[in-house]
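To keep things clear, I will list the structure first and then write my remarks on it.
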Amino acid sequence: MKTLKKLTVFTALSMLFCAFQLSAQAIVINAPVPADNPNLSGSTPWTAMCAGNSGFNEYFVNITWIGTANAGNKFILELSDASGNFDNVQTLQTITDKNDVKDFDVSFAIPTDMRGDGYKLRVRSTDPEKIGSESPAYNMYYMDVTSNLNISEKGDGVPPGTVCSTGPITLQVDNVTNPETYQYIWFRSGTELTGETGHTINVTQSGMYNAYIDYGPRCTGSGNTDSNMVDVTIGGSGTGIAVIAPSKTALCSTDNETLSIDQTNPAWNYQWFKDDVAITGATTTTYTVDASNVGFEGDYAVEISGTGMCNERSASVTITNAELFTVTVENDVNMVILPTQSQVLTVSSSANMPSYKWFRNAIEISGETSNSITISEEGEYYAEVTQTGGTCAISSKNSDATTVVSPASFEISIDYTNSYTSCQSTSSVLGIDVINAVAADGTKTDVTSALVDGFTYQWKRDGEVISGATASSISLASNLENGDYEVSATVNGFNANSNMLPIQLLTSEIVTITSTGTVFCTGGETITLNTTADLSTSSYKWQLDGETINTSDAVLTISTPGTYTLAVDRDGCPLISNEITISPLDENLITLDPGAEMVMPEGTTRTVTASGGTAYRWVDANGVELGNADSITLTDAGSYTLIASIDNCEIIRQVEVTYLDTFKVPNVITVNGDGINDQWVIPNSYSNKADVNVIIYNEQGQEIVNEFDYKNNWPQSTTAFTKQNMVFYYKIRSASEVLKQGTITVIR
């Protein structure tokens, strides 16, 4: 059932215009209006959408439009985002059978992820293409949770009813899947807690707490998500419980230490915690820490609870592992012993009064009891460190192993040490990448860090020694240094040659091309490209959009639009010039603000501004040049000419300035052929305007004139007037509103 307001508006519209039609170009689509749901008894138009309750998701809107739709037209009902923006529009319904129905209702369902207060609706047509007016913003929520929430302290689904705590607690929603994807409204003793919108809340004050899912101001109440009530008491004074100081807090692996609460009560319940995590089964007045268990170290506390009292937890007692100490290898874990050389291995330790034993290949080395050892044999070495001081029994720990090899040869690899790309980089650095010691059986050990500074080096290019290049790296900064590089390395009679790396650096030279223009003004025009680079001894390629078009002309004449470059060969690398883009003339680049036609009150001034050109000239109707800036201020009506330049091209724009008509829209014309008031002439703020629609109806409501850009030429003859005096109706409108409407009396 339609609302009274809608009936009144539509009836008045029908009576005024009868059977009028707009042209397809002037179709007007009104904003969709909420409508009754005919499938529900006693329904009234909706004011908000609160979908999802018991699966309900059916809504109706009323759509009205005027004009003429083409046969293949579709009306599409569209939905904005939650802020009312239609940039990422969603389609709710597509209507294909209403092209002759100017007033109809349509049903739709809202997406199941909608939650917000700013959604808008609109209707779009496809033939002709037209976007209708937007509706007001509405509350639209799909309520996928429509049952009572459960809030609890432990998150276990058990509503606690009452919680008593000496300090803050956390309440949380525990019966909703992905609870963090919703917003919530929390209350304390009936007062909404502003800013608390998450599924958890830190409770620091006593009170009665409950929560709802926030479905907006219109839908929250119908969501049925009100939670249970939790009565929280915070800040009870407590009894001051504590853990009795233990005899030892640093335990050996053979120790047990029993922790005890300092006061007890038969009415209390007890729970022991380690690092704030409840210890399963630890619910008596004591708890024994067993140091033989891995990870026994931590902070221990006890908590009491009981009927009518607040939970209270003691301060924690820290228990540590007295046997914990570290052993650190101070040397490289991969080492090389060269003939006649020795190496020193060293460990450090945090053990209390440490003693040391050294092992080679898992066999103890007699007499080596220091934290360092000098070796001259290959093998796998480690130290056993024993803690002999402190409260614990003797305990030992082995260091990490050091692998020592005696090589049969060395293998050296070089690499680019910085980012390098052939024919793109203008510099590069080569350096030692890996040094491997190769054993007699072929086993390789990376000894780079140990020996990179022990070798002597000689760099070569294309097999030739480079004088002075004897470091572990070499820097190259010129295309004159291009070639294949390798290095020879020597240490204690061992010689090794590296792999070979090619270097192809691009010259730092810059090739620049220029053109006699960048725009083709007319068809058949040519533009010349040139360069200052010497091409006489080089091969080169002129390129259009990356494709080679010429390899022989130092000066290139072109007639094709596109992006041009010149690639010159420098030592086998293409040296690419700057880009020059040549385009055909686009006269639409020259625009005028506020436009080419201006109406202004006599005695005032208007400024017109041009853009898109590189130079401008303004000329009046007599050919007098008025200025050469991008804008000009005009005081007189008349015709003006803009000559705008884009590069070497000229574009002409005409500007027409007329004085604003001060007369009103006439409501009487006399078509007697005397040349005075024979036609309906309206002010120039309405006439000759491409965006203003003039419509005239006869006494029967039939449309007899429907024009944009009205030329003040109605009536074109007097033969259409059958009576002495006839009354016509007119409407002057823009795309979005009616500018003027009234009657015209025609007197013969």
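If you're wondering where the values come from, they're calculated on a predicted model, not measured in any experiment.
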Looking at D276, I'd like to know if its CG atom is crowded, meaning that more than 12 non-hydrogen atoms belonging to other residues, nucleotides or ligands lie closer than 6.0 Å.
no
Check: S152 and N150 side chains under 4.5 Å, non-hydrogen atoms
yes
Hey, mind stepping through D81 and K120 against salt bridge (charged side-chain N to carboxylate O under 4.0 Å, His left out) and telling me if it holds?
CA-CA 8 Å; D81 62 19; K120 295 181 180 181; over 6 Å; no
Looking only at side chains, do S253 and E323 share a donor and an acceptor under 3.5 Å apart?
yes
Tell me whether N269 contacts the main-chain N or O of I304 through its side chain, where contact means a donor paired with an acceptor under 3.5 Å.
no
Is it the case that more than 12 heavy atoms not belonging to E129 sit under 6.0 Å from its CD atom?
no
Could you pull out the closest heavy-atom pair between W268 and Q263, with the gap in Å?
CZ3-O, 3.5 Å
Are T286 and S260 close enough that a side-chain donor and a side-chain acceptor fall under 3.5 Å?
no
Start with the C-alpha gap between S247 and E257, add the side-chain angles, then the distance that decides, and say whether side-chain hydrogen bond (donor to acceptor under 3.5 Å, both in side chains) holds.
CA-CA 8 Å; S247 59; E257 184 67 26; 3.0 Å; yes
Without swapping roles, check the side chain of S43 against the backbone of L40 for a donor-acceptor pair under 3.5 Å.
no
Examine the side chains of Y697 and N706 and answer whether a donor and an acceptor come within less than 3.5 Å of each other.
no
Set out, in order, the CA-CA distance, both residues' side-chain angles and the distance that settles side-chain hydrogen bond (donor to acceptor under 3.5 Å, both in side chains) for N30 and T64, then state yes or no.
CA-CA 6 Å; N30 298 315; T64 59; 2.8 Å; yes
Show the numbers, then the answer: is there a side-chain contact (heavy atoms from CB on, under 4.5 Å) between Y142 and N53?
CA-CA 8 Å; Y142 189 89; N53 216 330; over 6 Å; no
Please report the closest heavy-atom contact between N202 and P168, naming both atoms and the distance.
OD1-CB, 3.8 Å
Taking the side chain as everything from C-beta on, heavy atoms only, tell me whether W186 gets closer than 4.5 Å to E192.
no
Note, V289 side chain near L251 side chain (heavy atom, < 4.5 Å)
yes
Spacing of OG1 belonging to T91 relative to CD1 belonging to I76, to within rounding of 0.5 Å:
5.5 Å
Between S227 and L149 (side chain of the first, backbone of the second, donor and acceptor by atom type, cut-off under 3.5 Å), is there such a pair?
no
Do T318 and D299 pair up side chain to side chain, a donor and an acceptor below 3.5 Å, judged on atom types alone?
yes
Is it the case that the side chains of T170 and T200 hold a donor-acceptor pair, with the cut-off being a distance below 3.5 Å and no angle test?
no
When the ring planes of Y59 and F108 are compared, do they come out parallel, tilted or perpendicular, using 30° and 60° as the limits?
tilted
Between N39 and E58, is there a side-chain donor-acceptor contact under 3.5 Å, judged purely by atom types and distance?
yes
Do the side chain of Y184 and the main chain of P179 share a donor and acceptor less than 3.5 angstrom apart?
yes
Hits for side chain to side chain contact (heavy atoms under 4.5 Å, CB included) against S583, two or more places apart or cross-chain, chain-then-number order -> V519
Hey, is the main chain of T239 close enough, under 3.5 Å, to the side chain of E312 for a donor-acceptor pair?
yes
Given side-chain contact (heavy atoms from CB on, under 4.5 Å), test T197 with I185 step by step and report yes or no.
CA-CA 6 Å; T197 60; I185 304 173; over 6 Å; no
For the side chain to side chain contact (heavy atoms under 4.5 Å, CB included) test, which of V173, N178, V176 pairs with H199?
V173
Nearest 0.5 Å, what's the CD-CG distance between E196 and L171?
10.5 Å
For the residue pair S135 and R122, confirm or rule out a side-chain donor-acceptor distance under 3.5 Å.
no
T225 side chain to Y212 backbone, donor-acceptor under 3.5 Å:
no
Does a sphere of radius 6.0 Å around NZ in K74 hold more than 12 heavy atoms from other residues, nucleotides or ligands, not counting ones at 6.0 Å or beyond?
no
Classify the ring geometry between Y215 and Y141 as parallel (under 30°), tilted (30 to 60°) or perpendicular (over 60°).
perpendicular
Between K102 (side chain) and I63 (backbone), is there a donor-acceptor pair under 3.5 Å?
no
Could you tell me which non-hydrogen atom of T96 sits nearest to which non-hydrogen atom of N99, and how far apart they are?
O-ND2, 4.0 Å
Determine whether more than 12 heavy atoms belonging to other residues, nucleotides or ligands lie under 6.0 Å from atom NZ of K740.
no
Would you please say whether a donor-acceptor pair under 3.5 Å links the side chains of S83 and N85?
no
Quick one: does P246's side chain get under 4.5 Å of V317's, heavy atoms only?
yes
Heavy-atom closest contact (P594 atom, T607 atom, distance)
CD-O, 3.6 Å
So do T47 and R218 actually touch side chain to side chain, heavy atoms under 4.5 Å?
yes
Taking it one step at a time, do F708 and D691 satisfy side-chain contact (heavy atoms from CB on, under 4.5 Å)?
CA-CA 6 Å; F708 289 88; D691 58 346; 5.8 Å; no
Quick one: does V106's side chain get under 4.5 Å of V61's, heavy atoms only?
yes
Least distance between heavy atoms, A242 atom then S314 atom:
CA-CB, 3.8 Å
Mark yes or no for whether Q271, through its side chain, and I279, through its backbone, hold a donor-acceptor pair below 3.5 Å.
yes
Answer yes or no: is there a donor N or O on one side and an acceptor on the other, between the side chain of T220 and the main chain of G216, under 3.5 Å?
yes
For side-chain contact (heavy atoms from CB on, under 4.5 Å), just list the numbers for V203 and Y209, CA-CA rounded to whole Å, side-chain angles, deciding distance to a tenth of an Å, and then say yes or no.
CA-CA 9 Å; V203 176; Y209 287 81; 3.4 Å; yes
For a quick check under 3.5 Å, do D593 and T609 share a side-chain donor-acceptor pair by atom type?
no
Got P111 and L79 here, is their nearest side-chain heavy-atom distance under 4.5 Å?
yes
Considering only heavy atoms from C-beta outward, does the side chain of I234 approach that of Q205 to under 4.5 Å?
no
Going by the rule side chain to side chain contact (heavy atoms under 4.5 Å, CB included), which residues pair with T285 if we only count those two or more places apart in sequence or in a different chain?
I261, T264, Y270
Between S206 and T233, does a side-chain hydrogen bond (donor to acceptor under 3.5 Å, both in side chains) hold up when you go through it step by step?
CA-CA 5 Å; S206 300; T233 301; 4.9 Å; no
State whether a side-chain donor-acceptor pair under 3.5 Å links D127 with N70.
yes
Check for a donor-acceptor pair, side chain of S125 on one end and backbone N or O of K130 on the other, with a separation under 3.5 Å.
yes
Determine whether the aromatic ring centres of residues W46 and Y138 are separated by less than 6.0 angstrom.
yes
Return yes if a side-chain donor-acceptor contact under 3.5 Å exists between N148 and N228, otherwise no.
no
Are the charged groups of D709 and K689 less than 4.0 angstrom apart, N to O?
no
Just checking F75 against W65, ring centres under 6.0 Å apart?
yes
Can you see which heavy atom on P128 is nearest to which on A69, and at what distance?
CD-CA, 4.1 Å
